[in-house]
Protein chains: 2
Amino acid sequence: MKLETRKEEIIKTATILFKEKGYSAVTMRDIAKAMGIKAASLYNHINSKQDILTNIIISLAEEFTNGMKTVLLSNVSNIEKLELIVALHVNITATNTHGMASLNNDWMHLEEQLEYYLELRGSYENNFRNILQEGVQNNEIINSNLEIMLFSMLSTLRSLYLWIPKKEDLNTEELTKNLSHILINGINK
Amino acid sequence: MKLETRKEEIIKTATILFKEKGYSAVTMRDIAKAMGIKAASLYNHINSKQDILTNIIISLAEEFTNGMKTVLLSNVSNIEKLELIVALHVNITATNTHGMASLNNDWMHLEEQLEYYLELRGSYENNFRNILQEGVQNNEIINSNLEIMLFSMLSTLRSLYLWIPKKEDLNTEELTKNLSHILINGINK
DNA sequence: TTTGTAAACTAACAACTGTTAGTCTATGTT
DNA sequence: AACATAGACTAACAGTTGTTAGTTTACAAA
């Protein structure tokens, strides 16, 4: 197994820049400059700018897909499954804060892999929805508008990347616990 | 008072395109083509591409600032103030769904007005935080991590633009009611 | 009919874009 | 000592970018 350290360095650098300005506003010369080399040199390691974006987004999307698979296989209540999903988002976001920005904001600039991405995202949302629905049927969850509950939780979880880096002394377990409690039980006393 | 219908048309067209691809990926030729004219003609009505973005973002940011002012002046409980804030977001987003995308994702491409925007956003968040804090002190709101509560609510409200257009038969009052309930009381039965 | 003006047009600019081709250099292996 | 390779470099490309200058057109006011 070959170590692709230089390629990974490029992707890591690009990921940070993509978060700051978005994919379209970052040029290959920006990425090169941040690494102290010339733009043309990047092409010894990567095939195209597109490739960098695809690499960032698809690997994250697959992480979520795999995580969801594990959640679905777990033999726990639906409320507990939601807690596992919160943990999944916190953990992935904590280890790839910058990449989450591209996943959220730059997915539309994927080309060949756009369809695949939309497929992954669609089935992730379906699985999430099904957990909520089962929870409603089992009297674990209130019988409110399913789409609003789904949207509300998912929005918060998808925005974690905007907020996590601000807390340097991050305790992911505690964040998961607190966030789960707020999402599930609200803030009302 | 002069009617600037053509300028408004340009801004409206740009707003839709900015939502689809982001500010940086949209060219003046894209905007012109969508209107059936040439790019150079746009400059009879607007000063620059930057100007379009500034117009979209600052007017929305000021709408939120003004709305928050009204909320703060209202003589109601802190929980009820939160409900007013939910209504504020639902109403602004429902009438300017596309612009909310730029507000959320393209603010970093503001130039002269960036500082002003950050100021507005900062004080909006502070006001929001203070309402939560007073709610905790008055025993209206659970004594959980303030930043997590703030982040959770704000993330959901800021993401409304992604979700609102999907419901064509939108009843803003009902959405406000349901969403408030979920954000405040959670989904637990 | 003449004139003024709003708003479109064509043509062009300088800078910037992603990318390719071909070359040089350092390092480590035979 | 000879060679192979990784990874940098320079130079250049064709296309795209925001924007400007100057011109034409349509229409309403005088």
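Everything numeric in this text was worked out from a predicted model, so none of it was measured. By convention in this document, chain letters (A, B, ...) are assigned in the order of the sequence lines, proteins followed by strands, and residues within each chain are numbered from 1.
- Partners of A/Tyr124 according to the ring-ring contact (aromatic ring centres under 6.0 Å, His included) rule, which considers only residues two or more places apart in sequence or in another chain, are A/Phe64, A/His89.
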Between N or O atoms, less than 3.5 Å apart, protein on one side and nucleotides 13-19 of chain D on the other: list the pairs.
from   : atom 1 : to      : atom 2 : distance (Å)
D/dG18 : OP1    : B/Val26 : O      : 3.4
D/dG18 : OP1    : B/Lys49 : NZ     : 3.1
D/dG18 : OP2    : B/Met28 : N      : 2.9
D/dG18 : N7     : B/Arg29 : NH1    : 2.9
D/dG18 : O6     : B/Arg29 : NH2    : 3.0
D/dT19 : OP2    : B/Tyr43 : OH     : 2.5
D/dT19 : OP2    : B/Lys49 : N      : 2.8
D/dT19 : O5'    : B/Tyr43 : OH     : 3.2

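- For A/Lys38 and C/dC24, the NZ to P distance is 18 Å, given to the nearest whole Å.
- For the OP1/OP2 pair of C/dA8 and a distance below 4.0 Å, the side-chain nitrogens and oxygens of B/His45 include at least one atom meeting the criterion.
- End-to-end axis angle of the helix from C/dT1-D/dA30 to C/dT30-D/dA1, using five pairs per end and rounding to 10°, comes to 10°.
- Rounded to an integer number of Å, the gap from A/Asp51 CG to C/dT20 P is 11 Å.
- A salt bridge (Lys or Arg N to Asp or Glu O under 4.0 Å) check over residues 39-55 of chain B, counting only residues at least two apart or in different chains, returns nothing.
- Summarising the geometry, the separation between CD1 on B/Ile10 and C1' on C/dA8 is reported as 12 Å, rounded to the nearest angstrom.
- For the pair B/Met35 CE and C/dA7 P, the interatomic distance rounds to 11 Å; values are reported in whole Å.
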Could you go through residues 171-178 of chain A and list every donor-acceptor pair under 3.5 Å that involves a side-chain atom there, pairing it with any protein atom two or more places apart or in another chain?
from     : atom 1 : to       : atom 2 : distance (Å)
A/Asn171 : OD1    : A/Glu173 : N      : 3.1
A/Asn171 : OD1    : A/Glu174 : N      : 3.2
A/Thr176 : OG1    : A/Thr172 : O      : 2.8

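- At a cut-off of 3.5 angstrom, counting only N and O atoms as typed in the model, there is a donor on one side and an acceptor on the other between the side-chain of A/Asn44 and the base of D/dA8.
- The side-chain hydrogen bond (donor to acceptor under 3.5 Å, both in side chains) check on A/Glu125 picks up A/Arg158, with sequence neighbours excluded.
- Between B/Arg6 and B/Glu9, at least one side-chain N (NZ, or NE/NH1/NH2) sits under 4.0 Å from a carboxylate O, which counts as a salt bridge.
- Among residues at least two apart or in separate chains, side chain to side chain donor-acceptor pair (under 3.5 Å) pairs with a member in residues 72-83 of chain B are B/Ser77-B/Glu80, B/Asn78-B/Glu140.
- Within the structure, side chain to side chain donor-acceptor pair (under 3.5 Å) pairs that include any residue of residues 52-73 of chain A comprise A/Glu62-A/Tyr116 (at least two apart or interchain).
- Between A/Arg6 atom CZ and D/dC9 atom C1' the separation is 13 Å, expressed in whole Å.
- Between B/Ser41 and the phosphate of C/dC9, there is a side-chain N or O to OP1/OP2 separation shorter than 4.0 Å.
- Between the A/Asn127 side chain and the A/Ser123 main chain, a donor and an acceptor come within less than 3.5 Å of each other.
- Atom C1' of nucleotide C/dT17 and atom NE2 of A/His109 are separated by 15 Å, given to the nearest angstrom.
- Rounded to a whole Å, the CG atom of A/Leu53 is 13 Å from the P atom of C/dG18.
- Legend: ring-ring contact (aromatic ring centres under 6.0 Å, His included) pairs involving residues 28-53 of chain B, not counting sequence neighbours: none detected.
- As a whole-Å value, the separation of A/Glu111 CD from C/dG18 C1' is 12 Å.
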